[in-house]
Visitor: 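One structure is given below, represented as structure tokens, and several questions about it will come after.
Every chain is numbered from 1 and lettered A, B, ... according to where its sequence line falls, protein lines coming before strand lines. Note: hydrogens, waters and symmetry copies are ignored here, and every other heavy atom, side chains too, is used.
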Protein chains: 2
Amino acid sequence: MDKLELFDAEKRFLEILWAREPVKSTELARICQETLGWKKPTTFNMIRKLADKHLLKNENATVTALISRGDLQRQESEALLQQSFQGSVPAFLAAFLEGRRLKPDELEALKRLIEEAES
Amino acid sequence: MDKLELFDAEKRFLEILWAREPVKSTELARICQETLGWKKPTTFNMIRKLADKHLLKNENATVTALISRGDLQRQESEALLQQSFQGSVPAFLAAFLEGRRLKPDELEALKRLIEEAES
DNA sequence: GATACGGGTTTGTCTCGACAAACCTCATGG
DNA sequence: CCATGAGGTTTGTCGAGACAAACCCGTATC
């Protein structure tokens, strides 16, 4: 995954795409019209821009994402971790715990994840 | 903490401030000149903008941050968690583990943090 | 062969953040 | 007094992202 920098509008658009894909481009334009208030060219411009970035493809008037929601989440998490916590997950959690307590079931879930990661 | 949206240049600047504060405004201008290549007005404009946002104060030509590095980190972490993981720390960790394995000492550190959080 | 519609692109406007040239004011010292 | 430097502000340029008006092309329907 190369350098990936998504802007706000791009994220909003991708959320819509992920919820519906694969979807026809004109259908997408209609949905964006309704939910984001975008005119047709705005949607098509967005499609082309993201296609140029290889984040989706538009073939035979059908749009499909080439990146998954999970991929993007991971990528953004990594970025935050690198930028703010030198890439350290414990540092992230530590900073986090100073601002908010976790609920018992969250703690349990974390423990289980860590046990699994140890194997 | 109200709505907080920091731009890239603002973060870069704050990193410098945190490393040196409290510091005289002209000194800051000199450092930004060296490290960021900024001219004097750029630095002063930044100071004023962040002062307007109550993120720092400039009194008697001495600049002091009103927000700590940790506060900003926590705030950004929260934002990412809310936006991408419905605020769930376990969901964050789970997504993260799919992309990268943690080192043994990181796992140990996490365990200790969780134990402390349980008390 | 006019009209309509699906599937687009070209080009331009608007806003906003990043940055800086030129200017201002006051204190100090030669 | 006049220069110099500290400590600023006003104003404007530049670039980029968000968005859209107007246009284009093929097909198919009347």
Visitor: Hey, is the main chain of B:A117 close enough, under 3.5 Å, to the side chain of A:R101 for a donor-acceptor pair?
Guide: yes

Visitor: In residues 21-29 of chain A, which residues come under 4.0 Å of DNA chain C by heavy atom?
Guide: A:K24, A:S25, A:T26

Visitor: If you measure from CZ on A:F44 to CG on A:L28, what distance do you get to the nearest 0.5 Å?
Guide: 8.0 Å

Visitor: Students often get this wrong, so: under 4.0 angstrom with heavy atoms, is A:N60 touching a base, only sugar-phosphate, or nothing?
Guide: nothing

Visitor: Under a single-linkage definition using a 4.5 Å side-chain heavy-atom cutoff for Ile, Leu, Val, Met, Phe, Trp and Tyr, are B:L66 and B:I47 assigned to the same hydrophobic cluster?
Guide: no

Visitor: Please indicate whether B:K11 has more than 12 foreign heavy atoms, meaning atoms of other residues, nucleotides or ligands, lying under 6.0 Å from its NZ.
Guide: yes

Visitor: What is the separation between atom CG on B:D8 and atom P on C:dG17, rounded to the nearest whole Å?
Guide: 13 Å

Visitor: Are any side-chain N or O atoms of A:W18 and backbone N or O atoms of A:I67, one a donor and one an acceptor, separated by less than 3.5 Å?
Guide: yes

Visitor: State, with a plain yes or no, whether a side-chain heavy atom of A:L55 is found less than 4.5 Å away from one of A:L6.
Guide: yes

Visitor: I need the NZ-P distance between A:K49 and C:dG8, as an integer number of Å.
Guide: 18 Å

Visitor: Got a salt bridge between A:R112 and A:E115, using NZ or NE/NH1/NH2 to carboxylate O under 4.0 Å?
Guide: no

Visitor: Nearest whole angstrom, please: distance from the P of C:dC19 to the CD1 of B:I47.
Guide: 14 Å

Visitor: Taking any atom under 4.0 angstrom from a heavy atom of chain A, which nucleotides of DNA chain D are the first and last to qualify, 5' to 3'?
Guide: D:dG17 to D:dA22

Visitor: Between B:N45 and A:K39, which residue's closest nucleotide on DNA chain D lies nearer the 5′ terminus?
Guide: B:N45

Visitor: Which word best sums up how the rings of B:F85 and B:F92 line up, parallel for under 30°, tilted for 30 to 60°, or perpendicular for over 60°?
Guide: perpendicular

Visitor: Quickly work out the B:R12 CZ to C:dA18 P distance and round it to whole Å.
Guide: 8 Å

Visitor: By side chain to side chain contact (heavy atoms under 4.5 Å, CB included), which residues pair with B:A61, not counting sequence neighbours?
Guide: B:K24, B:S25

Visitor: Starting from P on C:dC16, measure out to CG on B:L6 and report it in whole angstrom.
Guide: 18 Å

Visitor: Quick check on DNA chain D: between A:P41 and B:R48, whose nearest nucleotide comes earlier from the 5' end?
Guide: B:R48

Visitor: Have a look at B:F7 and say if it touches a base, only the backbone sugar-phosphate, or nothing, with a 4.0 Å heavy-atom cut-off.
Guide: sugar-phosphate

